[in-house]
Structure formats: C-alpha cells, structure tokens
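Worksheet for the structure shown next.
For the single chain, residues carry numbers from 1 onward in sequence order.
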Amino acid sequence: MTEYGPQPVDRRLPTEEARDLLTLVRELAEREIRPTAGEEEDAGRFPRETFTLLSRSGLLSLPYDEEFGGGGQPYEVYLQVVEELAAARLTVGLGVSVHTLACHALAGFGTKEQRAEHLPDMLGGGLLGAYCLSEPSSGSDAASLTTRATRDGDAWTLEGTKAWTTHGGVADFYTVLARTGGSGAHGITAFLVPGDAEGLSAATPERKMGMKGSPTAQLHFDAVRVPDARRLGDEGQGFAIALSALDSGRLGIAACAIGVAQAALDEALTYTAERQQFGRPILDFQGLRFMLADMATQIEAGRALYLTAARLRDAGLPFSKEAAMAKLFCTDTAMRVTTDAVQLLGGYGYTLDFPAERYMREAKVLQIVEGTNQIQRMVIARHLAGPETR
C-alpha cells in the first residue's frame, strides 16, 4: 500500500486495549464481513452467523458494565467499532447499534435481579435484540403510540402492532413500549418480550431500497402475556426510557453513516487512481481531486462531531443536542459523499458491479431511522430557542 489512496482510519483511542480492539475488529471485518457483503445484500440474506460470531467475540456488549458480561468500553470506543463494522457492511453495523439500543432499557432501568437474570445472555450469549417503538400511525410522534398493555394479576397482556422493527421476526428479544395509562408520554411503559412469546408474530419484511439483508417488519401482538417481572422501570416511565435510549442510539446511526461514507470514499479513491483517461489517471484532474477533498473533510468533521457527543456521554454530561447534531450532520454527509462517489465512478458507479450504488442506497435510510433529520433539527432548535409556542 502506498502513502496515497485508501488508508485505515487514523483513530485517537484512549487506551492500548482500545487500539487492540479496533485492530481486531478491522481484521474481523476484512476477513468475515466485507468479502461477501455485496453478494449477501443482493440476495437479501440476514447474516445471523455473523452476529453469533460478534457475540462470541464480545462485540455485542461493548458499552455495558462488565458485572453482567459487558465489555466495559466507553462510548467513544464502542462507536468506532460500529463505524468499522458499518464500513464493511451496514446491515452488520446497524444491527449492532440496534442490539445495543434494545439492551439499554434493561441495563439502565432494570432491577439488579432483572439484569442478573437476562443481561449475560443478551450481551454475550448469542442472543440478538430489537427495539419496538414506532407504529403504523405513530412514527415521529412516538408519544401517540396505541399498542396497549393491560394488567392481569401478576402479568400484562399486550395488544397492538409495531412497525419498522429492525430484526423483526428474527430477534430473540424485543424491548417494547406500550401504553399502560392515559394518552400522551406519561402513559407508556417498557417491557422485555421474548421473541418466541405466544401470540407474537412478524409480518412479511418490508421490500426496501437498500439494506436488504436486514429484515424490517411489522410485529403483531395478539394477547401476548408478559410477566410483571419483565416490566422495565416504573409504570409510566417508558417514554423517558425510550428518549434516553434514542439519544445514545442516534450516535450509533451517526457512526454507521460515517462508516458508509468512508467506504464510499475509499472506493472512489481506488477507482480514480486506476481509471485512465486522456493518457493519465483521472485522479490527476483537479475537479475530481477537489471532490475527493470535500468528501474527506466532511467525513472527518462528522467523525469529530459524533466523538465529541460520545465523550460528553462518557463524562456523564448532557449530550442530547450534540447527539441530534451528530445524527443530522453525519447522515447528511453520508448521502452527499455516496452520491459523489457514484459520480466519480461515472457510468460504472451506476452499475451493480461496483459497491458505490449500494452505499448510496444505504445512506438514504440513515437520514430517516431513529428520528428523521427534520426531527433532529427540531430537537436542536429546542435546545437553542426553547419549545415552540402554540
């Protein structure tokens, strides 16, 4: 490898252990994930065996406490692992982020007994999680959800439909937000629902533009009984739990976006160095060099933004505004960079023979999931100017 062209990301990591971890992840991704990513995505294959490998390797537990099988890593390290995995295959990177989100409610709000019973298997026992907040008529307005949990002795009965569930139908457990009280945010409670619960079923996965290997499906709850011992946090606390999870989850999406953007830049660098026109590599032409320079600058800015937010989180400081900024900027960056990568490859960029078109299709969803970028702008504006007047 020369000093020019694609290079491993030069990361500023807090410990030698973290540096070794990122080296391990990069090697695993290059060996086990990247070589078949395009073929697997085209075929719509869900890489369950990859998630099993990640679980065995301790990569599904990184930001959680070691007491219950977690990796004990700071968020700034965990997110860079997610970025490396997403650069190899977004289905995998996003899947790790979603699994981490699904574990958040139990890890942060469960009782000590609940954590001791469930977390070890969730974090390192080969299980895979999913997160159920959105519904067919309640997306950005999540507080209006209608899936209901009704108390029945020492258990709850869940009725309703969840939508846009990543890992829907393949997850081993679901963190579910359901209405237990009146309307609005204060009537919502969180539950940990087994994937094989009686009465729980998944619809046919959505037919998507990209990330075809990651199933996204509606989930139907038809008199699903859940013991009160699987209620997470207090009754009515669910929406607050969901919001705290989403702040962290948005950083996972930001890291995924930078991973996809980095992969697209690397592809563009490789192609423009090899493609000859007018007797020289097209990488020599100033117009294309300036495009590459802009792409690289946007990626570095996005990486710095999500890491700044992560370090605030690690320090126990408020980071909601910064998480929204990171999600907004990084996912918009991914869309711009992947579009430019397709342009730099010319006609070949529009074909299935090169991964640039896949990166472009995948980048689009990151501007939508875990709060659209319009919602992120609302969140940021509220921090700056206060709530909207009515």
Checklist entry - Looking only at atom types and distance, does a side-chain atom of R179 sit under 3.5 Å from a main-chain N or O of G182, one as donor and one as acceptor? => result yes
Item to check | Any donor-acceptor N or O pair under 3.5 Å, side chains E32, T50 | outcome: no
Checklist entry - Is it true that R250 and E370 make a salt bridge, defined as a side-chain N closer than 4.0 Å to a carboxylate O? => result no
Checklist entry - For Y350, does the OH atom have more than 12 heavy-atom neighbours from other residues, nucleotides or ligands under 6.0 Å away? => result no
Item to check | Qualifying residue for ring-ring contact (aromatic ring centres under 6.0 Å, His included) with F191, from F109, W156, F173, Y131 | outcome: W156
Checklist entry - Between the side chains of R231 and T189, is a donor N or O closer than 3.5 angstrom to an acceptor N or O? => result no
Next on the checklist: Under a 3.5 Å distance rule, please check whether K327 uses its side chain to pair with a backbone N or O of V369 as donor and acceptor.
Outcome noted: yes
Checklist outcome for this item: Between S55 and G125, the two heavy atoms sitting closest are OG-N, 3.7 Å
Checklist outcome for this item: Correct closest heavy-atom pair for A217 and A203 would be CB-O, 3.7 Å
Checklist outcome for this item: Closest heavy-atom pair, V98 versus H167, reported as atoms and distance to 0.1 Å, is CG1-ND1, 4.0 Å
Checklist entry - By ring pair (Phe, Tyr, Trp, His ring centres under 6.0 Å), which residues pair with Y174, not counting sequence neighbours? => result none
Checklist entry - How about R19 and R11: do any of their side-chain heavy atoms sit closer than 4.5 Å? => result no
Next on the checklist: Any salt bridge linking E41 with R361? Criterion: basic side-chain nitrogen under 4.0 Å from a carboxylate oxygen.
Outcome noted: no
Checklist entry - Any idea how Y348 and Y271 line up, ring-wise: parallel (<30°), tilted (30 to 60°), or perpendicular (>60°)? => result tilted
Checklist entry - Distance only, no hydrogens: is a donor on one side chain within 3.5 Å (strictly under) of an acceptor on the other, for T308 and E322? => result no
Checklist entry - With hydrophobic residues grouped by side-chain heavy-atom distances under 4.5 Å, do L384 and F329 end up in a single group? => result yes
Checklist entry - Do the side chains of L54 and L101 join up, straight or via other hydrophobic residues, at under 4.5 Å, putting them in one cluster? => result no
Checklist entry - For A223, does its backbone N or O pair with a side-chain atom of E159 as donor and acceptor, under 3.5 Å? => result yes
Next on the checklist: Which residue is it: D196, D121, L127? I am looking for the one with a side-chain contact (heavy atoms from CB on, under 4.5 Å) to D172.
Outcome noted: L127
Next on the checklist: Looking at every heavy atom in both R311 and R12, which two are closest together, and how far apart are they?
Outcome noted: NH2-O, 3.8 Å
Next on the checklist: Are I375 and L133 linked, directly or through intermediate hydrophobic residues, by side-chain heavy-atom contacts shorter than 4.5 Å (ILVMFWY only)?
Outcome noted: no
Checklist entry - For V170, does its backbone N or O pair with a side-chain atom of R48 as donor and acceptor, under 3.5 Å? => result yes
Item to check | Main-chain N/O of E76 paired with Q80 side-chain donor or acceptor, under 3.5 Å | outcome: yes
Next on the checklist: Between V77 and L62, is there a side-chain heavy-atom distance shorter than 4.5 Å?
Outcome noted: no
Next on the checklist: Do L158 and V226 have side chains that approach each other closer than 4.5 Å (heavy atoms only, starting at C-beta)?
Outcome noted: yes
Checklist entry - Can R382 and E388 be counted as an ion pair, charged N to O under 4.0 angstrom? => result yes
Next on the checklist: Checking E357 against L352 for the side chain to side chain contact (heavy atoms under 4.5 Å, CB included) test, could you report, in this order, the C-alpha distance in whole Å, the side-chain angles of both residues, the deciding distance, and whether it holds?
Outcome noted: CA-CA 7 Å; E357 60 83 31; L352 301 181; 3.3 Å; yes
Item to check | CA sep, side-chain torsions, deciding dist, call: F239, L145, side chain to side chain contact (heavy atoms under 4.5 Å, CB included) | outcome: CA-CA 10 Å; F239 197 69; L145 65 85; 5.6 Å; no
Item to check | Ion pair R358/E362, N-O distance below 4.0 Å | outcome: yes
Item to check | Electrostatic pair R34:D266 at N-O distance under 4.0 angstrom | outcome: no
Checklist entry - Are L128 and Y64 linked, directly or through other ILVMFWY residues, by side chains that come within less than 4.5 angstrom of each other? => result no
Checklist entry - Where do M211 and V365 come nearest, in terms of heavy atoms and distance? => result SD-CG1, 3.9 Å
Item to check | R289 and D284, any side-chain heavy atoms less than 4.5 Å apart | outcome: yes
Checklist entry - So, the side chain of K208 versus the backbone of G213: is there a donor-acceptor pair under 3.5 Å, distance only? => result no
Checklist entry - Are the side chain of H99 and the backbone N or O of G129 linked by a donor-acceptor pair below 3.5 Å? => result yes
Next on the checklist: One pair to check against side-chain hydrogen bond (donor to acceptor under 3.5 Å, both in side chains): R336 and T333. What are the steps and the verdict?
Outcome noted: CA-CA 5 Å; R336 286 192 299 270; T333 289; 3.2 Å; yes
Checklist entry - What are the two closest non-hydrogen atoms of A341 and A264, and how far apart are they? => result CB-O, 3.7 Å
Checklist entry - Any side-chain heavy-atom pair from V9 and E83 closer than 4.5 angstrom? => result yes
Item to check | Pair E235 + R151: basic N to acidic O under 4.0 Å | outcome: yes
Checklist entry - Going hydrophobic residue to hydrophobic residue with side-chain gaps under 4.5 angstrom, can you get from F285 over to L345? => result yes
Checklist entry - Does the side chain to side chain contact (heavy atoms under 4.5 Å, CB included) test come out yes or no for L288 and L283, once each step is laid out? => result CA-CA 6 Å; L288 304 193; L283 185 60; over 6 Å; no
